[in-house]
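The structure under discussion appears below in the form of structure tokens.
Throughout, protein chains are lettered first and strands after them, A, B, ... in sequence-line order, and every chain is numbered starting at 1.
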Amino acid sequence: MVKEKYMIKEREINLGVTNGEIASVIKKSITQSACRAYDQGKIGVAGKLGEADEELINQAVENLKLGIPYEGEATVESVRQEHRGQGDISVEHNSGFLKAAEEVLSVLKKEYPQVIFSNKIRLAETEEYLTNDGGTDLAFSDRIMSWELLIKHEKSLNIIDDAVVLISRTLDAERFLKEAREHLDAFLHPVELPEKEELPVIVNFAELGEFLIRNLDAQAFGRETSFFNGKLGQKLFDEKFSLYVDRSMAYPGSAFFDAEGSTCRDDRCGLIQNGVLVRPFADKKTGKEFGYENTATAGGGYDSVPSNTAGCFSPECGGRTLKELMGEEDGIYITMMSGGDYTSEGNFATPVQTAYLYRGGRLVGRLPEFGLSGSIYEMFGKNFVGVSADRPYEGEHKTVIRMKVQKTAVS
Amino acid sequence: MVRFPEGVYTDVREEAVCSTSIRIENDVLKENKAKKEQGAIIRLYDGRRWYMSSTTELERIQQEIDSLAEMAVPCSGIEEDPVVRKYEVNREVMLNYTSCDVSSVSNEEKLAVMEKYCACMREYEEIRYWKVYYVDNHTEKHIVSSKGSDVIFDTQNCCVAVRYVLMQDDKPYYGGKDIYRMRFDELWGHEEEVRKLIREDIEYHQNARPVEPGDYTCVFAPGVTGVFAHESFGHKSEADFMVGDENMKREWAIGTRVGAELLNIVDTGLEEGSGYVPFDDEGTRAKKTYLIRNGVLSGRLHSAATAAALGEELTGNARAVSFQFEPIVRMTATYVEPGESTKEELIAGVKKGIYLSDYSHGSGMSTFTIAPKRAYMIRDGKLAEPVRISVVTGNVMSTLSEIDGVSKEFELFSFALGGCGKMEQFPLRVGTGGPYMRVKHLTVQ
């Protein structure tokens with residue numbers, strides 16, 4: 001029998017913003033612990049808020065009697081500690097954070113009196129530990145600074161119009177202000193949608209990648225319910241498109257190990273490489289059940305039996321910045337797009353609520369609402385332009401895809 | 001017994017949550033956990049800012065209060081602050097579910113009820129992959145405030161949810177049903193409802209073809225009406241979006257006509273189901289609030305802070321997903337009230353249109369969206385062939401005036417898995433519902 005402890009500690013200071021003022025200061029300190037017992041192909045799990053104790057371990061052993069099969073083995077003899085938090089602020093020493101937040105809000109309110117700012121500015125620290133008596137001792141910590149201000153024009157009848165966001169590991173107040181100014185200047189300057197049927201759109205991968213991810217689940221392949229069933233090893237997408245499970249330093253907040261203690265070589269594992277569907281994503285036990293490679297994608301609640309979970313996916317960045325990717329062409333930078341979906345044939349359509357004209361390396365104006373459509377093989381095939389090497393907005397690498405634009409779809 | 005500091009308003013919300021989560025996938029037990037979690041959030045208000053702390057260390061509540069008080073600036077007239085004046089003072093114990101507490105039901109009984117629905121999944125060879133969930137939750141909350149409130153109440157739910165994937169021509173279809181009840185015994189005996197849904201899904205998935213995009217009159221099934229009410233208008237009724245926004249206050253003045261005469265939209269925490277909250281998370285008693293009455297804007301949803309800011313009454317809509325979060329303005333159960341027509345009459349009045357039978361998800365800003373799960377053409381007043389649709393959209397405000405028929409049949413829905421998201425707080429249990437409803441001029445893609 002292998003006994004294991006899994007613990008997540010989260011500490012946070014969260015500033016609630018109303019009308020551009022800090023209206024609330026919220027502190028959080030939450031510790032979640034689980035104990036697991038692995039024995040003869042079964043797993044027992046018990047969890048509690050707070051630190052694990054002997055009683056929790058005994059409860060996990062007792063829960064083996066529930067008979068939950070666990071096809072994998074506990075991760076053994078894996079030792080690594082990594083602490084990725086940076087900068088000179090912390091949840092404990094937060095006076096710099098409060099002062100910076102007040103200053104940024106003051107500047108934004110002064111420079112953009114016609115805009116109403118609300119929502120959150122957050123500094124969060126997370127720690128994850130997985131240890132067991134099979135010699136595994138994994139520890140991870142990170143710090144995330146997130147500026148997440150919702151914006152609304154004083155004359156708008158929307159409840160919100162858009163958000164200015166920056167996620168990073170350091171305070172980055174100046175960078176946030178610089179990005180927010182470009183964003184807000186464009187927000188206040190309406191422009192027409194270019195008269196083209198198809199345009200390059202600039203998005204975060206997650207906005208368009210949900211269908212891909214859902215159908216790359218090893219469970220879906222194993223049960224033959226994936227849209228890509230029977231297509232492993234085939235070149236389905238553009239040469240430039242590669243998709244990874246990425247637990248590297250590049251992405252704030254995600255531990256280098258998954259909920260089963262699995263890791264990837266160099267913290268990355270390719271699912272699609274140069275357009276070829278290489279493997280589905282699989283946690284340890286799903287991989288074993290269906291004969292797929294473990295891609296370190298176990299997740300779930302802190303006290304759950306770990307299960308294959310979509311998360312930590314990122315497309316491969318190319319060597320060009322967003323400005324270089326776009327060249328002389330006009331593009332559409334999308335910030336709010338909700339409500340659309342893929343059909344079971346892989347056709348996608350959605351209204352776009354907020355978007356900007358991107359020209360010559362910057363946002364130049366706000367576009368009216370419009371509709372967007374495409375199909376999965378075209379979007380990540382011949383219409384895939386690339387992923388920016390830089391993180392020009394929101395702390396994100398931006399994905400560029402040509403899509404059909406319909407002026408008349410909404411409004 | 002906590003000691004409240006002088007010169008500030010303070011409240012403490014303690015929560016004790018007993019919950020169970022069991023999951024069976026293709027006949028294999030994947031999860032079977034039962035747990036009890038306790039925690040608290042302490043809020044302190046000095047007339048300018050709120051200071052809050054959430055903790056799992058209940059023995060440290062007094063220290064947390066004192067620590068927050070050090071950050072605040074005491075105000076001698078805090079009792080006269082408009083927000084503080086708004087708070088109800090309720091002193092009540094309302095424990096409705098202790099005699100049928102789901103945490104006292106044995107694990108064997110929970111597995112036995114699941115087995116009934118697992119058996120349904122096995123009956124259909126078209127189902128390639130299935131999951132049956134059992135989830136329950138009994139939550140007891142205790143809210144005390146420096147103004148004198150002392151409220152203890154409980155809520156409860158127990159649910160079986162089935163999810164399945166049908167395959168046809170290598171294309172997956174995702175189906176499912178939630179059986180959501182307040183008492184365990186009510187979970188038995190719904191197998192035929194599940195079988196009926198599966199048969200309809202199989203037939204739809206085998207025969208549906210892509211829709212011809214265009215402008216259509218649509219008839220919404222009650223579930224679709226419910227998500228429309230929630231997404232298109234419910235969120236706009238949450239008053240925190242309006243605080244400090246003079247333009248919105250003018251445009252959304254109570255008494256403004258916003259929709260067709262036959263339209264009534266309600267939010268209430270009083271109905272049993274996933275929107276049931278007898279008191280909100282500030283200790284305000286639940287109420288029934290008409291958001292739209294006969295097409296006229298009649299009310300909106302409030303916390304104490306928003307009610308004070310807008311000079312309106314409390315509605316019992318300050319809610320948090322757990323003790324880890326502060327209460328913000330949220331819906332409870334939001335629905336369109338029934339009308340006078342029948343479903344058949346609504347369909348009969350459409351020459352060429354679309355019946356939206358079920359949905360995957362919806363959203364609502366100035367434009368609302370519905371991603372249908374199942375839809376059928378209406379031709380010459382009759383239901384016709386099934387069609388696949390990516391998204392149905394319309395402008396929220398003009399669509400409210402395009403409603404020209406509301407049925408007398410009515411359903412209120414509760415949801416076993418997931419819930420409503422707002423800001424960082426997800427998922428919050430809410431209910432939605434309504435009648436069949438006919439809407440003109442929607443864009444279908």
Side-chain angles (χ1 to χ4, degrees), chain A residues 16 18-19 22-31 45-50 63 66-69 116 119-120 152 154-160 215 219-220 223-227 229-230 303-305 307 336 338-345 347-351 353 369 371 373 409-411, chain B residues 21 26 28-33 35 37-39 49-57 71 107 128-129 165 167 170-173 205 210 235-236 238 240-241 243-248 251 324 326 360-363 365-371 388-391 393-395 397 423-424 443 445:
Chain A
T18 303
N19 286 329
I22 295 172
S24 62
V25 180
I26 307 169
K27 296 190 302 173
K28 281 186 199 174
S29 178
I30 307 290
T31 298
V45 185
K48 66 178 281 197
L49 295 175
N63 284 349
L66 293 170
I68 300 172
I116 299 168
N119 201 29
K120 301 282 183 191
K152 178 186 175 311
E154 62 179 354
K155 292 186 176 164
S156 166
L157 293 181
N158 288 328
I159 51 179
I160 53 170
N215 286 285
Q219 283 273 4
R223 307 281 181 199
E224 299 183 339
T225 60
S226 169
F227 183 77
N229 193 24
D303 57 350
S304 298
V305 175
S307 61
M336 293 188 74
S338 73
D341 209 341
Y342 285 88
T343 66
S344 56
E345 287 93 353
N347 296 320
F348 177 77
T350 186
Q353 286 81 13
E369 290 191 29
S373 61
V410 295
S411 78
Chain B
S21 176
N26 280 31
V28 178
L29 180 65
K30 294 287 188 179
E31 182 84 83
N32 189 347
K33 67 176 174 184
K35 63 179 174 182
E37 291 183 331
Q38 288 181 285
R49 272 185 187 161
W50 287 92
Y51 299 88
M52 307 182 213
S53 176
S54 63
T55 180
T56 52
E57 299 173 76
M71 298 167 72
N107 196 256
R128 195 74 63 81
Y129 178 37
V165 186
M167 290 299 285
D170 282 339
K171 294 182 183 66
Y173 175 92
H205 191 46
H235 280 299
K236 286 184 173 56
E238 293 167 342
D240 48 349
F241 290 119
V243 173
D245 188 337
E246 296 305 321
N247 190 48
M248 285 285 263
E251 293 291 333
Q324 295 187 36
E326 76 279 22
S360 296
H361 55 82
S363 72
M365 298 271 288
S366 58
T367 300
F368 78 89
T369 70
I370 294 166
R388 291 190 207 285
I389 297 172
S390 288
V391 64
T393 59
N395 177 281
M397 298 319 295
M423 315 298 192
E424 63 193 327
T443 302
Q445 288 178 281

**OP:** Below 4.5 Å from any heavy atom of chain B, which atoms of A:Leu157 appear? Answer side chain, backbone, both or neither.
**Re:** both
Original post:
Is it the backbone or the side chain of A:Ser344 that comes under 4.5 Å from a heavy atom of chain B, or both, or neither?
Top reply: both
Subject >> Check: A:Lys155 main-chain N/O paired with B:Asn247 side-chain donor or acceptor under 3.5 Å >> reply: yes
Subject >> Polar side-chain atom of B:His235 near backbone of B:Ser363 as donor-acceptor pair, under 3.5 Å >> reply: no
Original post:
What is the minimum heavy-atom distance between A:Lys28 and B:Ser54, and which atoms define it?
Top reply: CG-OG, 3.1 Å
Original post:
Given that the side chain runs from C-beta out, which part of A:Asn229 has a heavy atom under 4.5 Å from chain B: side chain, backbone, both or neither?
Top reply: side chain
Subject >> Pairing residues for B:Glu57 by the salt bridge (charged side-chain N to carboxylate O under 4.0 Å, His left out) criterion, not counting sequence neighbours >> reply: none
**OP:** Check the side chains of B:Thr367 and A:Glu369 for a donor-acceptor pair under 3.5 angstrom, ignoring hydrogens and angles.
**Re:** yes
Original post:
In terms of heavy-atom pairs under 4.5 Å with chain B, which of A:Met336, A:Lys120, A:Lys48 leads?
Top reply: A:Lys120
Original post:
Looking at B:Thr56, B:Asn32, B:Val165, B:Val28, which makes the most heavy-atom pairs under 4.5 Å with chain A?
Top reply: B:Asn32
Original post:
Which bit of A:Asn63 comes within less than 4.5 Å of chain B, counting heavy atoms only: side chain, backbone, both or neither?
Top reply: neither
**OP:** Compare every heavy atom of A:Gly340 with every heavy atom of A:Phe348, then report the nearest pair and how far apart it is.
**Re:** CE1-C, 4.4 Å
Subject >> Toward chain B, the part of A:Asn19 with a non-hydrogen atom under 4.5 Å >> reply: side chain
Original post:
Given that the side chain runs from C-beta out, which part of A:Glu345 has a heavy atom under 4.5 Å from chain B: side chain, backbone, both or neither?
Top reply: both
**OP:** Let me know if B:Met71 has heavy atoms under 4.5 Å from chain A in its side chain, its backbone, both or neither.
**Re:** side chain
Original post:
Among all residues two or more places apart in sequence or in another chain, which pass the salt bridge (charged side-chain N to carboxylate O under 4.0 Å, His left out) test with A:Glu154?
Top reply: none
**OP:** Against chain B, label A:Ala23 side chain, backbone, both or neither, depending on which of its atoms sit under 4.5 Å from a heavy atom there.
**Re:** backbone
